[in-house]
Amino acid sequence: MPRFAANLSMLYPEHAFLDRFEAAARDGFQAVEYLFPYEHEPRELAARLRANGLQQVLFNAPPGDWNGGERGMACLPGREQEFREAFAQALRYAQALSCPRVHVMAGLVPDGVERAELRPTYVANVRWAAREAARQGVDVLLEPINTRDIPRFFLNRQDHAHELVGEIGEPNAKVQMDLYHCQIVEGDVAMKIRQYLPTGRVGHFQIAGVPLRHEPDHGELNYTYLFSVIDEVSQACGWDGWIGCEYRPARGAEPGGTSAGLEWLRQAKAGTR
Ligand SMILES: O=C(O)C(=O)[C@H](O)CO
Ligand SMILES: [Mg+2]
């Protein structure tokens with residue numbers, strides 16, 4: 001069965017962020033991911049990981065002015081210096097947390113600009129980041145995101161992401177394949193897993209039910225089937241990454257709501273015995 005990481009930006013909303021590590025470990029998770037670690041000292045986060053026997057498997061580089069609506073800087077001409085400084089900060093956290101992957105958000109296409117005009121900036125920024133990250137054994141991830149959640153996001157499709165990874169040309173630049181976004185934008189999810197996972201260019205998966213981004217057993221995707229596809233393909237090609245549980249629990253911040261909603265995970269584990 002694939003290995004699952006709890007996304008602490010979305011799961012366990014009834015707890016303060018630092019207390020979500022313990023909640024995830026209590027539910028049997030052995031790994032976590034989240035959006036941004038930067039409000040906390042690396043040593044505080046490392047202590048939470050250690051105390052709860054957890055691995056950090058992914059977080060995001062600083063995205064620019066998040067509260068002002070920015071969603072990454074990688075595609076933005078004129079922001080290269082800020083991008084580099086932000087990525088250097090991410091690498092310091094990755095080192096302290098022994099985290100092998102950093103997601104670099106692409107950014108929004110500015111009004112009046114054609115997507116194609118941004119491509120050279122994006123490729124140059126991510127190539128630079130991948131080379132820096134390679135020195136400490138870290139992969140840099142590119143994630144296609146749907147435009148219902150993030151209108152004007154630069155990167156939306158798996159084929160676009162894989163084309164860019166090819167052009168970037170660094171072995172540690174990979175795609176973060178979020179099946180929730182993939183279903184909303186393009187569908188045909190199982191065939192896309194079969195197409196892309198064997199290329200060695202998928203660094204990480206994320207999951208959520210579609211359309212509401214709740215538990216994977218809510219909505220139109222059949223994750224029992226998709227997990228069996230990931231299992232089959234990863235056994236054939238030797239992929240041994242993680243699947244991030246990046247969803248908003250249907251019970252919201254109700255105490256114990258995330259844990260109660262993990263029935264899909266208990267069933268997925270039971271199915272492999
Ligand atoms: O939104 C997602 O799916 C992500 O994984 C990003 O990291 C945050 O926007
Ligand atoms: Mg995602």
Side-chain angles (χ1 to χ4, degrees), residues 2-11 13 17 20 31-39 56-76 83 86-87 89-90 93-94 97 99-109 122 126 129 133 138-158 160-162 165 173-186 189 192-193 196-197 202-216 218-219 221 223 226 230 241-249:
R3 300 182 295 171
F4 296 94
N7 185 301
L8 299 186
S9 300
M10 289 203 181
L11 301 187
F17 179 73
R20 296 179 190 178
V32 295
E33 60 173 44
Y34 41 75
L35 289 185
F36 308 115
Y38 311 105
E39 283 181 11
Q56 179 82 39
V57 296
L58 174 78
F59 63 85
N60 291 3
D65 180 7
W66 182 268
N67 293 333
E70 291 193 325
R71 293 294 180 267
M73 295 177 278
C75 76
L76 298 178
F83 173 85
F87 191 73
Q89 185 187 18
Y93 272 80
L97 304 176
C99 181
R101 293 170 202 87
V102 173
H103 169 209
V104 169
M105 294 186 77
L108 309 182
V109 178
Y122 183 79
V126 180
V138 167
D139 286 350
V140 174
L141 301 191
L142 295 54
E143 183 188 40
I145 291 183
N146 81 77
T147 52
R148 171 157 64 71
D149 284 346
I150 308 188
R152 306 196 335 268
F153 196 70
F154 172 76
L155 186 57
N156 314 123
R157 297 183 56 89
Q158 306 302 313
H160 190 201
H162 281 272
V165 156
K174 297 182 181 169
V175 176
Q176 179 169 317
M177 189 173 189
D178 186 323
L179 304 184
Y180 162 79
H181 297 303
C182 183
Q183 167 69 358
I184 292 171
V185 175
E186 49 197 303
V189 174
K192 296 216 160 76
I193 295 168
Y196 293 118
L197 192 51
V202 175
H204 190 68
F205 283 104
Q206 289 175 323
I207 56 169
V210 178
L212 296 178
R213 211 171 197 179
H214 289 323
E215 280 81 353
H218 287 47
L221 278 177
Y223 274 107
L226 293 174
I230 292 175
W242 291 86
I243 299 182
C245 303
E246 191 183 32
Y247 59 80
R248 286 185 288 272

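In listed order, ligands and their atoms are each counted from 1. Remember, predicted model here, so these are calculated numbers, not experimental data. The basis for the numbers below is simple: all heavy atoms, side chains too, and nothing from hydrogens, waters or symmetry mates.
Between Y180 and Y247, the distance separating the two ring centers is not shorter than 6.0 angstrom.
On a distance-only criterion, Q206 and ligand 1 share at least one N/O pair closer than 3.5 Å.
Defined by atom type and a distance below 3.5 Å, a donor-acceptor pair is present between the side-chain atoms of E33 and H204.
Interface atoms of ligand 1 facing E246, defined by a heavy-atom separation under 4.0 Å, are 1 (O), 2 (C), 3 (O), 4 (C), 5 (O), 6 (C). Interface atoms of ligand 1 facing D178, defined by a heavy-atom separation under 4.0 Å, are 3 (O). In summary, the atoms of ligand 1 found under 4.0 Å from a heavy atom of Q176, numbered by their order in the structure, are 5 (O). Close approach to N60 involves these atoms of ligand 1, each under 4.0 Å from a residue heavy atom: 6 (C), 7 (O), 8 (C). Shown in contact with R213 at under 4.0 Å from a heavy atom are these atoms of ligand 1, numbered in order with element: 1 (O), 2 (C), 3 (O). Atoms of ligand 1 found under 4.0 Å from any heavy atom of E143, numbered from 1 in the order shown, are 2 (C), 3 (O), 4 (C), 5 (O), 6 (C), 7 (O). For ligand 1, the atoms lying closer than 4.0 Å to a non-hydrogen atom of H181 are 1 (O), 2 (C), 3 (O). Here is the list of ligand 1 atoms found below 4.0 Å of a heavy atom in L35: 6 (C), 7 (O), 8 (C).
Within D178, the N, O or S atom at minimum distance from the Mg ion (ligand 2) carries the name OD2. The Mg ion (ligand 2) sits nearest to atom OE2 when only the N, O or S atoms of E143 are considered. Per residue E246, closest N, O or S atom to the Mg ion (ligand 2): atom name OE1.
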Trace of the side chain to side chain contact (heavy atoms under 4.5 Å, CB included) decision for F59 with Y38: CA-CA 10 Å; F59 63 85; Y38 311 105; 3.4 Å; yes
Candidate pair Y196 and V175, rule side chain to side chain contact (heavy atoms under 4.5 Å, CB included), full reasoning: CA-CA 9 Å; Y196 293 118; V175 176; over 6 Å; no
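Counting all heavy atoms, side chain and backbone alike, R20 lies closest to L8 at NH1-O, 2.8 Å. K192 approaches C182 most closely through the heavy-atom pair CD-SG, 4.1 Å.
Looking at D149 against ligand 1, nothing comes within 4.0 Å, counting heavy atoms. Heavy atoms of H204 found under 4.0 angstrom from ligand 1: none, in either backbone or side chain. Here R71 has no heavy atoms under 4.0 Å from ligand 1, in either its backbone or its side chain.
At least one N/O/S atom of Q206, whether from backbone or side chain, sits less than 2.8 Å from the Mg ion (ligand 2).
Of all protein heavy atoms, the one lying nearest to atom 9 (O) of ligand 1 is M105 CE, 3.2 Å.
Between F83 and F87, the ring planes lie parallel to each other; the angle is under 30°, not in the 30° to 60° tilted range. Aromatic ring pairs are classed by plane angle as parallel below 30°, tilted from 30° to 60° and perpendicular above 60°; the pair Y122 and F154 is tilted.
With hydrogens and angles disregarded, a donor-acceptor distance shorter than 3.5 Å links the side chain of N156 to the backbone of I145.
By the 4.5 Å heavy-atom criterion applied to side chains, F153 and L108 are counted as neighbours. For the pair R3 and V57, the minimum side-chain heavy-atom distance is 4.5 Å or more.
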